[in-house]
Visitor: 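Dropping a structure here in structure tokens format, bear with me for questions.
Throughout, protein chains are lettered first and strands after them, A, B, ... in sequence-line order, and every chain is numbered starting at 1.
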Protein chains: 2
Amino acid sequence: MPIIGDLSGKVVERLSQYRQLLLKYRYTSGPHINSSDLSRLTGATQESVRRDLMLIGCQSSNIRKGYQVQDMIDSINAVLDPYDKCRMALVGDNDAFTETLLYEYENELIRLVAIFDFEALGNGIKRGDLNRFHFGKINEGIKNLKVNLVILNVPGAFTRQTADIIVQSGVRGIVNMSPVKLDIPGVYIENINIITSIEKATFFMKWRQYV
Amino acid sequence: MPIIGDLSGKVVERLSQYRQLLLKYRYTSGPHINSSDLSRLTGATQESVRRDLMLIGCQSSNIRKGYQVQDMIDSINAVLDPYDKCRMALVGDNDAFTETLLYEYENELIRLVAIFDFEALGNGIKRGDLNRFHFGKINEGIKNLKVNLVILNVPGAFTRQTADIIVQSGVRGIVNMSPVKLDIPGVYIENINIITSIEKATFFMKWRQYV
DNA sequence: ATTCTATTGTTTATTTATTAACAGGTAAAC
DNA sequence: GTTTACCTGTTAATAAATAAACAATAGAAT
């Protein structure tokens, strides 16, 4: 069995997607699912599904029925959420993501605990478990709530300086949604560039239509 | 020179990122930029930068100064925006993206023309060039405004049915921000899964910290 | 004018990821 | 009990992406 830390980014992405799907279908589908169905539902190939599950040591396969759904979820959990809980904050509000993270995301080991934005006035307006702070309280809020992952969603002009504050407060993981690439030594940064995605979509859409 | 339609997704992504950077730095930096600087600023390797520019036939290189910035932008424009304008809509609001697309995005060939969400009451409340409609008007609005690209940003439970309406209205390109994978024949779909990005970030962040 | 440095264009090698292929074996059907 | 069909695990082949390396040369320095 490979060392888990050696898993590539692609494998981790697929594992995350398998799990999202399995969690959604857990109660409506049967107790088993085969690599062919999982392939169709996630977009990965059958071979990738089987290889990924082998890699993480998912043992419950039944050569005729496929894999046991709950065991597969447990196996992925063991890889993706191996240590303590992850406490997450949104910096720069984004209603759509907030809804997703609060109401659709079933992973209890990764929890949204704070939102920092321009509009919040006080020092921590609560809504359930979720604290809402003004931008000025980022440092304080991150430290007090022990935030270790941030989803950064501010205008490009503020990206770098905001990221610096966040990192100074102790965060070591950032999902950067703004179209300014971040690269900070010692911090894992996942850059999501919406502009790139738009331009990619227009490019390939056009080639499909015209060629 | 290769056929432009053969460019891989990765190359297109990098071209988009080079251009974003060049547009930002156009006025503050000098008239030339070399592959080393562009590499550092975008995260691609020097070799990738040079190979990509060769691929698209960027001719203005100067063996001592680097590439001419404006010529590089023109070359990328010719590849990424080869045909008519692209008219874009947001389905499901997302303030952060709206701001980015309206005020930070310099590409005049891709224009945000409509927002569809739950809160809009009328049949097209304008804000500058931008029309805002209620969800119920998706079909009508897309057709009237000749929208051909949509950024889809609705709760997972509505993703598929909303996408179907959008496609029925004639759209052939979707940037899907919801965590439910879309796959519609004849439609180019760029799936951006925020949950996957979060889980990937937590995974690699943890491995950096603990191993 | 000459030397030297920096940068490109291109080749080659390496790594990574995807795709194909198939032997083996288990559960189901009869 | 025997046969059959199907699904996994694994290996091999292909393709794609990344990284390394370097000759050629334009322009700067002197």
Visitor: Parallel, tilted or perpendicular: which one describes the rings of A/F97 and B/F97, with boundaries at 30° and 60°?
Guide: perpendicular

Visitor: Could you run down nucleotides 24-29 of chain C 5' to 3' and tag each one B, S or - for protein heavy-atom contact under 4.0 Å?
Guide: BSBBS-

Visitor: Which residues satisfy the side-chain hydrogen bond (donor to acceptor under 3.5 Å, both in side chains) test with B/N34, sequence neighbours excluded?
Guide: none

Visitor: So, using salt bridge (charged side-chain N to carboxylate O under 4.0 Å, His left out) as the criterion, who are the partners of A/R50 when residues are at least two apart?
Guide: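 For A/R50, no residue satisfies salt bridge (charged side-chain N to carboxylate O under 4.0 Å, His left out) once neighbours in sequence are set aside.
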
Visitor: Using chain A heavy atoms and a threshold of under 4.0 Å, write down where along DNA chain D the contacts begin and end, 5' to 3'.
Guide: D/dA5 to D/dT10

Visitor: Check every strand shown and say whether B/S48 touches a base, only sugar-phosphate, or nothing at a heavy-atom separation below 4.0 Å.
Guide: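 No contact.
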
Visitor: Please name the pair of heavy atoms, one in A/L145 and one in A/V113, separated by the smallest distance, quoted to 0.1 Å.
Guide: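 Smallest interatomic distance, heavy atoms only, reads CD1-O, 3.9 Å.
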
Visitor: Please name all residues satisfying salt bridge (charged side-chain N to carboxylate O under 4.0 Å, His left out) with A/R51, sequence neighbours left out, ordered by chain then number.
Guide: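 Expected list: none.
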
Visitor: What is the ring orientation for A/F133 with A/F116, classed by angle as parallel under 30°, tilted 30 to 60°, or perpendicular over 60°?
Guide: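 Judged by the thresholds at 30° and 60°, the geometry between A/F133 and A/F116 is parallel.
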
Visitor: Return the set of residues passing side-chain hydrogen bond (donor to acceptor under 3.5 Å, both in side chains) with B/Q68 (not counting sequence neighbours), or none when no residue passes.
Guide: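 If we apply the side-chain hydrogen bond (donor to acceptor under 3.5 Å, both in side chains) test to B/Q68, skipping adjacent residues, there are no hits.
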
Visitor: Has the side chain of B/N148 got a donor or acceptor atom that lies under 3.5 Å from a matching backbone atom of B/R87?
Guide: yes

Visitor: Atom CG of B/D52 to atom C1' of C/dT8: distance rounded to whole Å?
Guide: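 Taking atom C1' of C/dT8 as the reference, CG of B/D52 is at 14 Å.
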
Visitor: Pick from B/I174, B/V150, B/L152: which one makes a side chain to side chain contact (heavy atoms under 4.5 Å, CB included) with B/T162?
Guide: B/L152

Visitor: What does the list of N/O pairs under 3.5 Å between the protein and nucleotides 9-12 of chain C look like, with a distance for each?
Guide:
| residue | atom | partner | partner atom | Å |
| --- | --- | --- | --- | --- |
| C/dG9 | OP1 | B/S61 | OG | 2.4 |
| C/dG9 | OP2 | B/Y67 | OH | 2.7 |
| C/dG9 | N7 | B/R50 | NE | 2.9 |
| C/dG9 | O6 | B/R50 | NH2 | 2.8 |

Visitor: With the threshold set at under 4.0 Å for non-hydrogen atoms, list the residues of residues 185-200 of chain A touching DNA chain C in residue-number order.
Guide: none

Visitor: Is there a residue in residues 12-23 of chain A whose heavy atoms reach under 4.0 Å of DNA chain C, and which residues are they?
Guide: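 Heavy-atom cutoff 4.0 Å gives A/R14.
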
Visitor: Look only at the side chain of B/S39 and the backbone of B/A44, and say whether a donor-acceptor pair between them is shorter than 3.5 Å.
Guide: yes

Visitor: Check the distance between C/dA6's P and B/H32's NE2 and give it to me in whole angstrom.
Guide: 18 Å

Visitor: Check ring pair (Phe, Tyr, Trp, His ring centres under 6.0 Å) between B/Y188 and all other residues, then give those that pass, not counting sequence neighbours.
Guide: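 If we apply the ring pair (Phe, Tyr, Trp, His ring centres under 6.0 Å) test to B/Y188, skipping adjacent residues, the hits are A/F204.
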
Visitor: If you count the non-hydrogen atoms of other residues, nucleotides and ligands that lie under 6.0 Å from NZ in B/K181, is the total more than 12?
Guide: yes

Visitor: Under the salt bridge (charged side-chain N to carboxylate O under 4.0 Å, His left out) rule, collect the residues that match up with A/D183, sequence neighbours excluded.
Guide: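 Result, salt bridge (charged side-chain N to carboxylate O under 4.0 Å, His left out) vs A/D183: none returned.
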
Visitor: With B/D71, which residues qualify under salt bridge (charged side-chain N to carboxylate O under 4.0 Å, His left out), at least two apart?
Guide: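 B/D71 satisfies salt bridge (charged side-chain N to carboxylate O under 4.0 Å, His left out) with no residue once adjacent residues are dropped.
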
Visitor: Among B/R14, B/R19, B/K10, exactly one meets salt bridge (charged side-chain N to carboxylate O under 4.0 Å, His left out) together with B/D52. Which residue is that?
Guide: B/R14

